[in-house]
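Every chain is numbered from 1, with letters handed out A, B, ... down the list of sequences.
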Amino acid sequence: MQGTSLSPDKVMHKLVSLAKRRGFIFPSSEIYGGLSSCFDYGPLGSEMKRNIKELWWNSMTRRHQNIVGIDASIMMNPTVWEASGHVASFNDPMIDDRTTKRRYRADHLIENHIEKLRRDGKDDEALRVQTVYEACGAAEEPNRALYQLIFDEAIKAPDTGSGDWTEVRQFNLMFQCNMGAVADSSGVVYLRPETAQGIFVNFHNVREASRMKVPFGIAQIGKAFRNEIVKGNFIFRMVEFEQMEMQYFVKPGTQAEAFEAWREERYQWYTRQLGIRPEKLHWYKHDKLAHYADLAYDIKFEFPFGIEEIEGIHSRTDFDLSRHQEYSGKNMEYVDQLTNERFIPYVVETSAGCDRLFLAILSDAYSEDVVDGEERVVLKLSPKVAPVKAAVLPLMKKGGMGEAAMKLRDELAESFPVQYDDAASIGKRYRRQDEIGTPFCITVDHQSLENGTVTVRFRDTAEQERIDMSQTAAFITAKMA
RNA sequence: GCGGGUGUAACUCAGUUGGUAGAGUGUUUGCUUCCCAAGCAAAAUGUCGCGAGUUCGAAUCUCGUCACCCGCUCCA
């Protein structure tokens, strides 16, 4: 048996095709022509996604005595998003070049310009531009101010050298909708652009209800929505996506230690729990930090289309809780009863993209190899995430094997997702299961009827082992641990 | 959003100078009773992405639009 090497650009096409053909992922509302960057999880996809979320939930909440979960609402009081900074910073100022038809972020153009001045040793010049730039945010019309600065400094596009600029326009990355029957501005609410704020605003509720002492964590899995300017790469960047994240509240000054511990733990989760190959994972340290962070690392995965982020581990300081204290007028301090210290906790966040992880697992698992001289497609999924754990296959339909296999299927179904298949040759049925990543095929043959044994066929090696039929569930359970 | 490409069966794709659609794979049923996509015989599945226009007639030509892919860009 040997693996064949796959060209990266082909893999995505094959994945998309396989995902649809076998019921992992379908385009959303496909019969109407679909909807940009929206996808549905099919029968196998929803099962597999559920497995991923359950593994995450177990490892992040149940295994930790000091981490509890919540499930906050998607729509929240709009002031939450002012406090979090999303109203301000999720409005990206964009500018277009009329000649080259390219679009840029206006703030990035200016920042690049300042950097370039510094590189050229024009520090005074850079400082002057920097000062003007920083004043833009406070201007009455920030976008006009940005445009004026780009115009005054004659800033050109870094890639094309062109500078035929349009006005700076604002793109709001938050989805808006109206609460209440009357659509006026007073009823505007947002679909949350991140799940984190649902945790921060519930800080005291959860802490008191669960009698938690710092350090402790609050975890959540849920949908978030971003009106991305650039979408694409299948389910990698969707406008509606699911986050699995945990906010860990610590005493100020201890965040670096907690940060390192979480970095280690989260990395181990991918390699040990999910079985992702370590060589496919990469650490990336943020040089440019978001407005809330003092330290940030991403775990990136080698997708067929490039190395991209699947999880962010960010030290968020006390930014969020402080801001909520400021905007809500409620005290967000924690009181340590032992030492009588009062402080607003610092936060270490681990935030994973569930759909991205799904795609990472799928693309990591996809392989083509050769069994007995025949090519096959096989998803080498970890048994823990595989949507179907075992298939029960009668060697033949007749002669009592079908009935015996069906009976075994019913027994196994008590423990985990299992399929029965008696259509077409045994070889074909093995290949069907290979393609959806089923780790074990249980075959009921002539010998099964005589002595009550079955064969277990292993997906990755195609090798078989004969075991007692009554031990099948226990055998598979042991292999999945 | 911009530039480039693609869109025909569930999947991968043919389809000639405009004359209303085919193949392989897959699926279903029957036979074969079989341990790695075997064979035989049947069958089902098509708004040719969508909407206009040109034409006696459009999968084919024109325009618009939607979706996907690649690049720019952004991000979890």
**Q** Nearest to the side chain of A:T443, heavy atoms from C-beta on, is which of B:rA67, B:rC35, B:rC70?
**A**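 Shortest atom-to-atom distance from the side chain points to B:rC35.
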
**Q** For B:rG22 and B:rA67, measure between their C1' atoms and round to the nearest Å.
**A**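 Taking atom C1' in both B:rG22 and B:rA67, they lie 25 Å apart.
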
**Q** Answer whether the closest heavy-atom distance between the side chains of A:L109 and A:H113 falls below 4.5 Å.
**A**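 A side-chain contact is absent here, since even the closest heavy-atom pair is not under 4.5 Å.
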
**Q** Taking the C1' atom in each of B:rG7 and B:rG51, what is the distance between them to the nearest angstrom?
**A** 16 Å

**Q** Which listed nucleotide (B:rA67, B:rC34, B:rC11) is nearest to the side chain of A:S17?
**A**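 That would be B:rC11.
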
**Q** Flag the pair A:D294 / A:Q255 as yes when at least one side-chain heavy-atom distance between them is below 4.5 Å, and no otherwise.
**A**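 A side-chain contact exists here, since the closest heavy-atom pair is under 4.5 Å.
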
**Q** Where the side chain of A:H13 is defined as all heavy atoms beyond and including C-beta, which of B:rC69, B:rC75, B:rC36 is the nearest nucleotide?
**A** B:rC69

**Q** Scan A:N51, A:N58, A:I52 and name whichever one has a side chain to side chain contact (heavy atoms under 4.5 Å, CB included) with A:E54.
**A**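 Passing option: A:N58.
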
**Q** Would you mind telling me which of B:rC75, B:rC68, B:rC36 lies closest to the side-chain atoms of A:S36?
**A**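 Nucleotide nearest to A:S36's side chain: B:rC68.
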
**Q** Closer than 4.0 angstrom, basic N to acidic O: yes or no for A:E245 and A:R316?
**A**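 Result for this pair is no, no salt bridge flagged.
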
**Q** Ring of A:F241 versus six-membered ring of B:rA76: centres under 5.5 Å and planes under 30°?
**A** yes

**Q** Could you tell me whether A:E242 and A:K53 make a salt bridge, using a distance below 4.0 angstrom between a side-chain N and a carboxylate O?
**A**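 Yes, A:E242 and A:K53 are salt-bridged.
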
**Q** I'd like to know if A:R457 reaches the base of B:rC35 with its side chain, counting only an N/O donor and acceptor under 3.5 Å.
**A** no

**Q** Under 4.0 Å, heavy atom to any atom of RNA chain B: which of residues 295-302 of chain A qualify?
**A** none

**Q** Counting side-chain heavy atoms from CB outward, which of B:rC35, B:rA10, B:rA76 is closest to A:D445?
**A**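 The answer is B:rC35.
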
**Q** Which whole number of Å gives the distance between the P atom of B:rG49 and that of B:rU60?
**A**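 Here B:rG49 and B:rU60 have their P atoms 8 Å from each other.
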
**Q** Nearest 0.5 Å, please: how far is OG in A:S351 from CD in A:E309?
**A**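 Rounded to the nearest 0.5 Å, the CD-OG separation comes to 8.0 Å.
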
**Q** Hey, can you pull the residues of residues 447-456 of chain A with a non-hydrogen atom under 4.0 angstrom from RNA chain B?
**A** A:T455

**Q** How far does CZ of A:R429 sit from OH of A:Y420, to the nearest 0.5 angstrom?
**A**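 Reported to 0.5 Å precision, the distance equals 8.0 Å.
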
**Q** With a 3.5 angstrom cut-off on both distances, give the Watson-Crick or G-U wobble partner of B:rG64, or none if there isn't one.
**A** B:rC50

**Q** For a quick check, tell me whether the side chain of A:R429 and the base of B:rC35 share a donor-acceptor pair closer than 3.5 Å.
**A**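 Per atom types, no contact qualifies.
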
**Q** Do you know the tightest heavy-atom contact between A:P394 and A:V392?
**A** CD-O, 4.0 Å

**Q** Show the distances under 3.5 angstrom between N or O atoms of the protein and N or O atoms of nucleotides 43-50 of chain B.
**A**
| unit_1 | atom_1 | unit_2 | atom_2 | d |
| --- | --- | --- | --- | --- |
| B:rU47 | O4 | A:I31 | O | 2.7 |

**Q** Compare side-chain N and O positions of A:N233 against OP1 and OP2 of B:rC74 and report whether any pair is under 4.0 Å apart.
**A** no

**Q** Rounding to an integer number of angstrom, what distance separates B:rG1 and B:rC74 when you compare their C1' atoms?
**A**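 Going atom to atom, C1' in each nucleotide, I get 12 Å.
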
**Q** Between A:K407 and A:E403, is there a side-chain N and carboxylate O pair less than 4.0 Å apart?
**A**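 Salt bridge absent between A:K407 and A:E403.
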
**Q** With both distances kept under 3.5 Å, what pairs with B:rA58, Watson-Crick or G-U wobble?
**A**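 B:rA58 is paired with nothing.
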
**Q** Output a table of nitrogen or oxygen pairs between the protein and nucleotides 23-29 of chain B separated by less than 3.5 Å.
**A**
| unit_1 | atom_1 | unit_2 | atom_2 | d |
| --- | --- | --- | --- | --- |
| B:rG26 | OP1 | A:K428 | NZ | 3.4 |
| B:rU27 | OP1 | A:R432 | NE | 2.6 |
| B:rU27 | OP1 | A:R432 | NH2 | 2.7 |

**Q** Just the rounded figure in Å: distance from C1' of B:rC75 to CD of A:E240.
**A** 17 Å

**Q** What is the pairing partner of B:rG24, taking Watson-Crick or G-U wobble pairs with both distances under 3.5 Å in any strand?
**A** B:rC11

**Q** Between B:rC69 and B:rU12, how far apart are the two C1' atoms, rounded to whole Å?
**A** 16 Å

**Q** Are any of the side-chain heavy atoms of A:M174 and A:V87 separated by less than 4.5 Å?
**A**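 Yes. Closest side-chain heavy atoms under 4.5 Å.
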
**Q** Give me the distance, rounded to whole Å, that separates B:rC31 from B:rA10 when you measure between the C1' atoms they each carry.
**A** 26 Å

**Q** Could you check whether A:D422 pairs with A:R409 (Lys NZ or Arg NE/NH1/NH2 to Asp/Glu carboxylate O, under 4.0 Å)?
**A** no

**Q** Going by side chain to side chain contact (heavy atoms under 4.5 Å, CB included), name the residues that satisfy it together with A:T455, two or more places apart in sequence or in a different chain.
**A**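 Testing A:T455 for side chain to side chain contact (heavy atoms under 4.5 Å, CB included), a comparison that skips the adjacent residues, returns A:T443, A:D445, A:Q464, A:R466.
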
**Q** Indicate whether OP1 or OP2 belonging to B:rC34 is found under 4.0 Å from a side-chain N or O atom of A:S425.
**A**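 For B:rC34, neither OP1 nor OP2 has a side-chain N or O of A:S425 closer than 4.0 Å.
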
**Q** Are the aromatic rings of A:Y270 and A:F301 close, with centres under 6.0 Å apart?
**A** no

**Q** If you look at every strand shown and take non-hydrogen atoms under 4.0 Å, does A:L395 touch a base, only sugar-phosphate, or nothing?
**A**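 Answer is base: heavy atoms of A:L395 come under 4.0 Å of a base.
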
**Q** Can you tell me how far P in B:rC63 sits from the matching atom in B:rC75, rounded to whole Å?
**A** 37 Å

**Q** Can you classify the ring geometry of A:F203 versus A:F249 as parallel (below 30°), tilted (30 to 60°) or perpendicular (above 60°)?
**A**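 A:F203 and A:F249: tilted rings.
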
**Q** Counting only side-chain N and O atoms of A:K398, is one of them less than 4.0 Å from OP1 or OP2 of B:rC34?
**A**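 A:K398 to B:rC34 OP1/OP2: no side-chain N or O under 4.0 Å.
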
**Q** Compare the minimum distances between each of B:rC35, B:rC75, B:rA10 and the side chain of A:E308, then state the nucleotide with the smallest one.
**A** B:rC75

**Q** Any strand is fair game: report the nucleotide pairing with B:rC72 by Watson-Crick or G-U wobble, both distances under 3.5 Å, or none.
**A** B:rG1

**Q** Report yes if the side chains of A:F303 and A:M12 come closer than 4.5 Å at any heavy-atom pair, otherwise no.
**A**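 Sidechains of A:M12 and A:F303: no contact.
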
**Q** Report the residues that fulfil side chain to side chain contact (heavy atoms under 4.5 Å, CB included) with A:A19, sequence neighbours left out, ordered by chain and then residue number.
**A**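 Here the qualifying residues are A:F24, A:I25, A:F234.
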
**Q** Can you work out whether A:F39 or A:Q243 has the more 5'-proximal nearest nucleotide on RNA chain B?
**A** A:F39

